[in-house]
Amino acid sequence: MDNHHKVIIIGSGPAGLTAAIYTGRANLNPLVFEGIQPGGQLTITTEVENYPGFPEGVMGPELMDLFRKQAQKFNAKTLFQDVSKVDLSKRPFTIYSNEQVYFADTVIVATGASAKWLGLQSEKEYMGHGVSGCATCDGFFFKGLEVVVVGGGDTAIEEATFLTKFASKVTIIHRRDQLRASKIMQDRAKNNPKIIFLWNSEVIEIIGVTENGKKSVTGVKIRNTKTGEITNLKTGGYFVGIGHQPNTEIFEGQLEMNPTGYIITKPGSTYTSISGVFAAGDVADPIYRQAITAAGSGCAAAIDAERFLESQH
Ligand SMILES: Cc1cc2nc3c(=O)[nH]c(=O)nc-3n(C[C@H](O)[C@H](O)[C@H](O)COP(=O)(O)OP(=O)(O)OC[C@H]3O[C@@H](n4cnc5c(N)ncnc54)[C@H](O)[C@@H]3O)c2cc1C
């Protein structure tokens, strides 16, 4: 059958491209759909300091180019295309992309999860230059600075608490006058002397400068949700902590998911609710969400897929 592949990988972040390296080296000639963000989330950041093997750090886009090159070396074919629809109800599985149909004996889902943003133009402008959606990833760059965290749920409190290890002061900016976070998280934040709260407030713009070609955040413009009053707050960093959205729309009603839309895998494996379909990386991981954990589970998905294919013969 034309367009029939042993392994189709959907997504080209650390999970998808690691799965491509492993299935490529296992002579399975994987086909990778890279989607609208080739290389995944790390392509929108600057320096990555915690990916093992790069003691001097590495730029996110450069790291992902290396992943891709390594996958292509082992005959992985990568297409800069988005998958619009899948039919996982029968084998071979059917994948639709650019009005073409592809068939697969196994599918590795590695479509990631995106941090939710407020949607401000200035968030995009200063992304990786003082704007971040991940304290674990970027907190280290904010040593001794005052930073703000937007949100009022568990994510915001977790980010803020983590940031107090580095920042001199963390201001949580919340639209309402009380938090949605669990009681235990709230207590932890309220008892932390480095955390202060700015209630009934929303960020309407991030303010920054460009000096010697380098961008940095210097403040945020805030609107009081009760009075409408607009004020400026000085800050060296802006973190958004309003949650993540897994990219799983095209699998809805087909793969088992949790209420937020994360794909559920069988404990200790990458098996999904459909035999022959595997999930790796942030799309199945509401907890760690790191490049190295995504790459690790991409490797596991490749091995699971390879063993599954062997068991079918
Ligand atoms: C600003 C920022 C900085 C970060 N810094 C660090 C850091 O320093 N260290 C660290 O370890 N982690 C960092 N992270 C987290 C890290 O990027 C993620 O944990 C990791 O990229 C997850 O990898 P993934 O392969 O699961 O998914 P992603 O990297 O999200 O990749 C998802 C892929 O799926 C594709 N896709 C989605 N839908 C479709 C579709 N329908 N069809 C085809 N393809 C599709 C996308 O195009 C993309 O290629 C950072 C994240 C952000 C946002």
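Computed from heavy atoms alone, side chains included, the values below leave out hydrogens, waters and symmetry copies.
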- Within the distance-only criterion (no hydrogens, no angle test), does the side chain of T265 pair as donor or acceptor with the backbone N or O of T270 below 3.5 angstrom? no

- Measure the CD-OG1 distance between Q254 and T248 for me, rounded to the nearest 0.5 Å. 11.5 Å

- If we ignore angles and hydrogens, is there a donor and acceptor under 3.5 Å between the side chains of E146 and S168? no

- Under 4.5 Å between any side-chain heavy atoms of L255 and L88, yes or no? yes

- Using a cut-off of 6.0 Å, state whether more than 12 heavy atoms not belonging to Y288 lie near its atom OH. no

- Could you verify whether a donor N or O on one side chain and an acceptor N or O on the other, from H4 and D105, lie under 3.5 Å apart? yes

- Item | E256 side chain reached by I263 side chain, heavy atoms, under 4.5 Å | no

- Do you see a donor-acceptor pair shorter than 3.5 Å between the side chains of N247 and S114? yes

- Is the distance between the ring centroids of Y102 and F33 less than 6.0 Å? yes

- Quick one: list whatever passes ring pair (Phe, Tyr, Trp, His ring centres under 6.0 Å) with F251, sequence neighbours left out. none

- Query: Does CZ in R91 sit with more than 12 non-hydrogen atoms of other residues, nucleotides or ligands closer than 6.0 Å?
  - Reply: yes

- Step by step, work out the ring pair (Phe, Tyr, Trp, His ring centres under 6.0 Å) result for F103 and F93. CA-CA 6 Å; F103 300 97; F93 303 118; over 10 Å; no

- Do Y126 and Y238 have ring centroids that are under 6.0 Å from one another? no

- Message: With a 3.5 Å distance limit and no angle check, can you tell me whether T43 reaches the backbone of G39 through a side-chain donor-acceptor pair?
- Response: no

- Is any side-chain heavy atom of I204 less than 4.5 Å from a side-chain heavy atom of I230? yes

- Task: Verify whether one side chain among Q72 and T78 offers a donor that lies under 3.5 Å from an acceptor in the other.
- Result: yes

- Item | F67, CZ: over 12 other non-hydrogen atoms inside 6.0 angstrom | yes

- Task: Specify the closest pair of heavy atoms between S97 and D82, including all atoms of both residues, with the distance to one decimal.
- Result: OG-O, 2.8 Å

- Message: Just verifying a value: how many Å separate K266 NZ and D304 CG, rounded to the nearest 0.5 Å?
- Response: 10.5 Å

- Message: Distance alone, cut at 3.5 Å: any donor-acceptor contact between the side chains of N192 and T164?
- Response: yes

- Task: Could you verify whether a donor N or O on one side chain and an acceptor N or O on the other, from Q186 and R180, lie under 3.5 Å apart?
- Result: no

- Item | Over-ring placement of K85 relative to Y96, 6.0 Å and 45° cut-offs | yes

- Query: When rounded to the nearest 0.5 angstrom, what distance separates CG in N232 from NZ in K234?
  - Reply: 11.5 Å

- So do the side chains of E159 and I172 get within less than 4.5 Å of each other, counting heavy atoms only? no

- Item | Lys/Arg N to Asp/Glu carboxylate O, D87 vs K90, below 4.0 Å | yes

- Item | Point-to-point distance, once rounded to the nearest 0.5 Å, from NZ of K194 to OG1 of T161 | 12.0 Å

- Query: Does any donor atom in the side chain of D282 or Q41 lie under 3.5 Å from an acceptor atom in the other side chain?
  - Reply: yes

- Are side-chain heavy atoms of T225 and S201 found at a separation under 4.5 Å? no

- Task: Could you tell me whether the side chain of E47 reaches within less than 4.5 Å of the side chain of M59, counting heavy atoms only?
- Result: yes

- Query: Where is the tightest heavy-atom contact between L63 and L42, given as atom of each residue plus distance?
  - Reply: CD2-CD1, 3.7 Å

- Between D187 and K183, does at least one N-O distance fall below 4.0 Å, as a salt bridge requires? yes

- Taking atom NZ of K169 and atom OG1 of T171, what is their separation to the nearest 0.5 Å? 5.0 Å

- Item | Under-4.0 Å salt bridge between R175 and E202 | no

- Plane angle bin for F197 and W199 - parallel if under 30°, tilted between 30 and 60°, otherwise perpendicular: parallel

